[in-house]
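Computation of the quantities below employed the complete heavy-atom set of this structure, encompassing side-chain atoms and omitting hydrogens, waters and symmetry-equivalent molecules.
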Amino acid sequence: MTYEQIRQNKDIQTYITQADASLAALGYTEHSFAHVGHVSDMVGYILETMGSPARTVELGRIAGYLHDIGNVVNRVDHSQSGAVMAFRLLDKMNFPADEISLIVTAIGNHDEGTGVPVNDVAAALILADKSDVRRSRVRTKEIADFDIHDRVNYSVTRSELKINEAHTIVKLKLSVDTHFSSVMDYFAIFMNRMLLCRQAADRLGLQFKLIINEQQLG
């Protein structure tokens, strides 16, 4: 079973669509196919760059694609409910237990507050998910109606997560338009996420560096 087959699965597409609809009703930023596709690609990039076996890279991409399906149940503890849902889906598709274990462990540990980078796939998923900050995730059309999450995401005109050639540092580089949000706003809502990214990078043998408007902040 491949990532592409997971991506084309109609049931999984429905869960992702409905999970994003629930978050839209709650006023959250976009968590649909653009987000999970980006996260999946970035998990693959991180694991491949760090020398993981090809099948581990494939499983990591699957974890990235499925990581937010738990939002169809509830935003609270969505990583754990998503892991249980992923177990059921993958078991029905006859994935072996060792592969299911790797995927559900990563999904169940991707969210700040409860997540821990207990393996390389979980670490890659954390970095990929928490670095997806961008203007196109904002749903609200009127700037006057933005909350702090909208302002921060809208202010990010460019976001790039890159591992250096020596494979010693992973950098999250953001270009922030401070007309819409200050750098302090970013830290106000993302501090715990950045601390989790640091832990994830450490798990992979990397140093995590946050760079905003060409200034290194961590």
Side-chain angles (χ1 to χ4, degrees), residues 1-49 52 56-90 92-93 95 99-100 102-115 117 119-139 149-150 152-153 156 159-161 172 190 193 196-197 200:
M1 187 67 67
T2 66
Y3 163 71
E4 190 59 30
Q5 289 172 297
I6 294 293
R7 199 176 70 85
Q8 296 297 331
N9 183 281
K10 297 300 183 183
D11 291 343
I12 290 171
Q13 290 176 4
T14 298
Y15 292 136
I16 293 171
T17 299
Q18 293 304 314
D20 183 57
S22 293
L23 292 185
L26 294 170
Y28 282 83
T29 53
E30 179 268 326
H31 283 70
S32 190
F33 297 105
H35 173 61
V36 300
H38 173 81
V39 170
S40 178
D41 289 345
M42 290 307 301
V43 172
Y45 158 74
I46 293 166
L47 292 174
E48 186 173 25
T49 301
S52 293
T56 302
V57 175
E58 187 90 354
L59 296 176
R61 297 196 72 196
I62 291 170
Y65 199 74
L66 298 177
H67 80 280
D68 269 343
I69 58 173
N71 285 305
V72 78
V73 178
N74 198 293
R75 180 61 178 174
V76 178
D77 296 330
H78 75 281
S79 56
Q80 287 88 348
S81 53
V84 174
M85 289 178 65
F87 168 82
R88 174 67 173 158
L89 289 163
L90 299 172
K92 287 178 65 177
M93 296 176 188
F95 274 72
E99 294 189 349
I100 294 175
L102 192 63
I103 292 169
V104 300
T105 297
I107 294 173
N109 279 281
H110 83 269
D111 201 41
E112 66 273 13
T114 57
N119 59 40
D120 288 357
V121 175
L125 178 54
I126 288 166
L127 286 166
D129 182 41
K130 305 314 170 193
S131 64
D132 188 21
V133 184
R134 50 186 163 80
R135 178 169 291 187
S136 57
R137 294 192 70 184
V138 177
R139 304 179 198 267
H149 290 85
D150 294 327
V152 168
N153 278 276
V156 177
S159 174
E160 182 182 38
L161 187 75
L172 175 57
F190 287 151
R193 300 182 190 185
L196 187 56
C197 282

Could you check if a side-chain atom of [X] sits within less than 4.5 angstrom of a side-chain atom of [Y], using non-hydrogen atoms only?
X    : Y    : value
I46  : L127 : yes
H35  : H38  : no
V121 : I103 : no
M93  : I12  : yes
Y15  : L66  : no

Approximate separation, where rounding is to 0.5 Å, of [X] [atom1] and [Y] [atom2]:
X    : Y    : atom1 : atom2 : answer
K92  : F87  : NZ    : CZ    : 12.0 Å
Q13  : I69  : CD    : CD1   : 13.0 Å
D68  : M85  : CG    : CE    : 11.0 Å
L125 : T105 : CG    : OG1   : 11.5 Å
L102 : L59  : CG    : CG    : 6.0 Å
S131 : R193 : OG    : CZ    : 11.0 Å

Closest non-hydrogen atom pair, [X] against [Y]:
X    : Y    : answer
L161 : M42  : O-CE, 3.6 Å
I107 : S79  : O-CB, 3.3 Å
F190 : N153 : CZ-ND2, 4.4 Å
S81  : G70  : OG-O, 3.4 Å
S159 : L172 : OG-CD1, 3.8 Å
V39  : D129 : CG2-CA, 3.8 Å

Quiz item: With distance as the sole test, does S40 use its side chain to make a donor-acceptor pair with the main-chain N or O of V36 at under 3.5 Å?
Solution: no

Exercise. Without swapping roles, check the side chain of H67 against the backbone of G64 for a donor-acceptor pair under 3.5 Å.
Key: yes

Quiz item: If you draw a 6.0 Å radius around CD in Q80, do more than 12 non-hydrogen atoms from other residues or ligands fall strictly inside?
Solution: yes

Exercise. Could I get the full list of salt bridge (charged side-chain N to carboxylate O under 4.0 Å, His left out) partners for D111, not counting sequence neighbours?
Key: K130

Quiz item: Excluding sequence neighbours, so at least two apart, what forms salt bridge (charged side-chain N to carboxylate O under 4.0 Å, His left out) with D77?
Solution: none

Quiz prompt | Summary of side-chain hydrogen bond (donor to acceptor under 3.5 Å, both in side chains) pairs that have at least one residue in residues 18-34, sequence neighbours excluded | solution = D20-R139, E30-R134, H31-R137

Self-check item: Parallel, tilted or perpendicular: ring planes of F33 versus Y65, cut at 30 and 60 degrees
Solution: tilted

Exercise. For the pair R61 and E58, find out whether any cationic side-chain nitrogen is under 4.0 Å from an anionic carboxylate oxygen.
Key: no

